[in-house]
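For reference, the structure discussed in these notes is given below.
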Protein chains: 2
Amino acid sequence: MLKRKITLKHIARELGVSISTVSKALKNSEEISRDTKEKIQAFAKLYNYKPNNIAISLKNKSTKNIAVIIPDIVHHFFTTVFHGIEKIANEKGYNVIICVSDESFDKEVINMEILANGSVDGFIMSLSSETQLKNDYNHLKELTEQGIPLVLFDRVTDEVACDKVLINDRDGAYRSVKKLIENGKKRIALVATEDYLSVSKERADGYFQALKEFNIEVKESLILKLPSMSSVEGDAMENFFKNEKVDAVLCVNEIYAIHGMRIAQKLGFNIPQDIEFIGFTDGILSKFSNPTLTAVAQHGEKMGEIAAEMLIEKIESDNEVETYRTEILEPTIIERESTLNA
Amino acid sequence: MLKRKITLKHIARELGVSISTVSKALKNSEEISRDTKEKIQAFAKLYNYKPNNIAISLKNKSTKNIAVIIPDIVHHFFTTVFHGIEKIANEKGYNVIICVSDESFDKEVINMEILANGSVDGFIMSLSSETQLKNDYNHLKELTEQGIPLVLFDRVTDEVACDKVLINDRDGAYRSVKKLIENGKKRIALVATEDYLSVSKERADGYFQALKEFNIEVKESLILKLPSMSSVEGDAMENFFKNEKVDAVLCVNEIYAIHGMRIAQKLGFNIPQDIEFIGFTDGILSKFSNPTLTAVAQHGEKMGEIAAEMLIEKIESDNEVETYRTEILEPTIIERESTLNA
DNA sequence: TTGTAAGCGTTATCAC
DNA sequence: GTGATAACGCTTACAA
């Protein structure tokens, strides 16, 4: 007994009225007599009529869908941002279509092209690392030229004029290192990824800034660059801790920090007495590691909420004036066991 | 210089031909002369014409979208499943619309209703805990009655006839406990959530089965039930380890296990010599905890891939015969430092 | 109070 | 070879 989807046309035929009468009756229009309305509404309820969204989208030129393109869904930070986006989107009656670029330029472009043809009203995205490396933003420019709203978050670029939300990564790193210095540390290491990622560069800059401010010389040997976020394998880090005298470490992500702490412990160092650790992106590992990790919280959920609000505002405003804003969130340093706290 | 979205109609008018000629020319139809085709195709390329997906959806009664409804996006396991779904969906030309029920029955129903009206071709979902508690599946039944394909994963129910993918949770728990027993352990604890979640119940059953098989008496005092997955707060667990003599623990999730290990360590126990730990859902914490956690891997990504394949197969097959299958994946026990290994 | 018709953008059928 | 027309499901002037 398959109840096939019922349309206005079916109801109209069944009840011997016109389609527009049905349409109006279901919208409780004053034009229609009470009798007819009741009859039609009863029938519609009985057969569980629901208007077809696609038809409405076509008519209204509005889909009530927004696209989110992120580099990686398994990454806790993006997940957090997504949660914020989803929350606001749902509140405002939007669905969220999600695409993962897997850090690939091509996948980013393809996803965008597929969805830009009417499927969504706007985009929220964070650039893939490959895109940042290539420095090619034509797909984004085309989007904005077509008047499709776009909001960039976290991994953004100056090349594209659009709304942006980001974390003050430089300042997060600066304050972290400042804190370490004030705790009396002198040989502060930085564990980073290759620096084509905008955020990684910003964090390194904050590190430099703090050292400079306190007249501590930057030693290249205290900066460890690891190829990719996931590759904590190999013994680059172990060698680093064996060869360098280090009394504090700032890591650009949790994994590096957790891994670094284990190695330091294995080598007999006490945390935080001998070496302090601070790691970016306050995720699940920071809370549950042993010792727990002092972390720079990125406020991903808040970021997602702001991005969604910005986007929906653009979607729903009809003024053609192109005015963009960039919102910068301040990170928070969450003090835990891996640092000496006042 | 906003390049507004261009349609067949614009091209036709601009080139002085009919809409259908344009449509055919862009599809490289044999009917159209080479000259006309070239002219039209060139023009279309110049103005970056892309067919409107919404119009095509309306025409074809197919959206190439699938909906995924999960209880929680920040949860690593669901994220993993989602990754598998996304991968297959993209390969087969589908977009993924994601909704989060936040473990709420109402949100689950609402999300479903919004999307069931033409926005998507089918659903993949895992039941919210509230839905399992209420035991009310009318929204799912209505869906299938309307002929909309549905695949359930992980948290499923017998009440609804549809395709299903799940993990043999019972067996994962059974094998875990068997392993602990074979390691010589006698006082094996179970740390679980309230058991209205289908998976939690299954895991408890596996625990009982193993004990029974080895003639070990089930002691209620060795079973600790915690209210909710996130609430590891409070000292229920600490009291448990203080009051009960325990030599091994099976936890239904990572968080419980990591938390349990820290408490055990604080109380002076050695892991795994004094107490062994095994935790469900091999996530990021298991790999990076100290000691690393022996875990029951759920193969989330594989699960997602299978679910997506099942769904798309149903969407694209037109035979009306209703035949459903349930695929059961075997979990894998990943041995790490928290257990004694051969 | 109800119905007709045009339109959203596309495709498919059938004339010319 | 090309074009008119209907159709997908809905909304909304505008007639009747």
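These numbers come from the heavy atoms of this one structure, side chains and all, not from hydrogens, waters or symmetry mates. Proteins get letters first, then strands, A, B, ... in listed order; numbering begins at 1 in each.
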How close or far is atom P of D:dC10 from atom NZ of A:Lys50, stated in whole angstroms?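 Distance check: A:Lys50 NZ to D:dC10 P gives 13 Å.
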
How many Å lie between CZ on A:Arg13 and C1' on D:dA7, as a whole number?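 For the pair A:Arg13 CZ and D:dA7 C1', the rounded distance is 13 Å.
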
Qualifying ring-ring contact (aromatic ring centres under 6.0 Å, His included) pairs with a residue from residues 105-143 of chain A, counting only residues at least two apart or across chains: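 ring-ring contact (aromatic ring centres under 6.0 Å, His included) check on residues 105-143 of chain A returns A:Phe105-A:His139.
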
Name all pairs fulfilling the side chain to side chain donor-acceptor pair (under 3.5 Å) condition that reach into residues 86-104 of chain B, sequence neighbours left out, sorted by first residue then second.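 Sorted pair list: B:Lys87-B:Glu305, B:Tyr94-B:Glu316, B:Asp102-B:Lys107, B:Glu103-B:Ser129, B:Glu103-B:Arg155.
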
Give the residues of residues 52-62 of chain A touching DNA chain D, defined as any heavy atom closer than 4.0 Å, sorted by residue number.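 Contacting residues: A:Asn52, A:Ala55, A:Ile56, A:Lys59.
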
Near DNA chain D, counting only heavy atoms under 4.0 Å, which residues of residues 22-36 of chain A show up?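 A:Ser23, A:Lys24, A:Lys27 - these, ordered by number, are the residues of the stretch whose heavy atoms sit under 4.0 Å from the strand.
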
Using the side chain to side chain contact (heavy atoms under 4.5 Å, CB included) rule, pick out the option among B:Val120, B:Ile85, B:Ile97, B:Val100 that qualifies with B:Val68.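 It is B:Ile85; the other options fail the test.
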
Excluding sequence neighbours, so at least two apart, what forms ring pair (Phe, Tyr, Trp, His ring centres under 6.0 Å) with B:Phe82?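 In terms of ring pair (Phe, Tyr, Trp, His ring centres under 6.0 Å), with neighbours along the sequence ignored, B:Phe82 is linked to no residue.
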
Kindly write out the residues that satisfy ring pair (Phe, Tyr, Trp, His ring centres under 6.0 Å) with B:Phe77, not counting sequence neighbours, or none if the list is empty.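 B:Phe77 satisfies ring pair (Phe, Tyr, Trp, His ring centres under 6.0 Å) with no other residue.
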
How about A:Met125 and A:Phe153: do any of their side-chain heavy atoms sit closer than 4.5 Å?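 Side-chain contact under 4.5 Å: no.
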
Counting just side-chain N and O atoms, does A:Tyr49 come under 4.0 Å of either OP1 or OP2 of D:dG9?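 No, no such contact exists.
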
Once salt bridge (Lys or Arg N to Asp or Glu O under 4.0 Å) is applied, do any residues pair with A:Arg34, and if so which ones, sequence neighbours excluded?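 Only A:Glu38 meet the salt bridge (Lys or Arg N to Asp or Glu O under 4.0 Å) criterion with A:Arg34.
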
Counterpart residues, salt bridge (Lys or Arg N to Asp or Glu O under 4.0 Å), relative to B:Lys314 (two or more places apart):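 Checked B:Lys314 against salt bridge (Lys or Arg N to Asp or Glu O under 4.0 Å); matches are B:Asp163.
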
Exercise: identify the closest heavy-atom pair between A:Gly122 and A:Leu311: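 Of all heavy-atom pairs spanning A:Gly122 and A:Leu311, the closest is C-CD2, 3.8 Å.
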
Angle, rounded to 10°, between the helical axes spanning five pairs at each terminus of the helix from C:dT1-D:dA16 to C:dC16-D:dG1?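 Answer rounded to 10°: the end axes differ by 60°.
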
Positional range of nucleotides in DNA chain C within the contact set of chain A, heavy-atom, under 4.0 Å: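 Using the under 4.0 Å cut-off, the span is C:dT1 to C:dG9.
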
Below 3.5 Å, can you tabulate the donor-acceptor pairs from side chains in residues 54-61 of chain B to any protein atom, sequence neighbours excluded?
unit_1, atom_1, unit_2, atom_2, d
B:Ser57, OG, B:Asn53, O, 3.0
B:Ser57, OG, B:Ser62, O, 3.4

List the residues meeting side-chain hydrogen bond (donor to acceptor under 3.5 Å, both in side chains) with B:Lys302, not counting sequence neighbours, and say none if there are none.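 Per chain and number, B:Lys302 pairs via side-chain hydrogen bond (donor to acceptor under 3.5 Å, both in side chains) with no residue.
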
So does B:Arg325 pair up with B:Glu313, basic N to acidic O under 4.0 Å?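 Judged by the 4.0 Å cut-off on N to carboxylate O distance, B:Arg325 and B:Glu313 do form a salt bridge.
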
Toward the 5' end of DNA chain D, by each residue's nearest nucleotide, B:Ser18 or A:Ser20: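 Closest to the 5' end, via its nearest nucleotide, is B:Ser18.
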
Is atom CG of B:Asp158 surrounded by more than 12 heavy atoms (other residues, nucleotides or ligands) closer than 6.0 Å?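 Atom CG in B:Asp158 is not packed in, count stays at 12 or less.
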
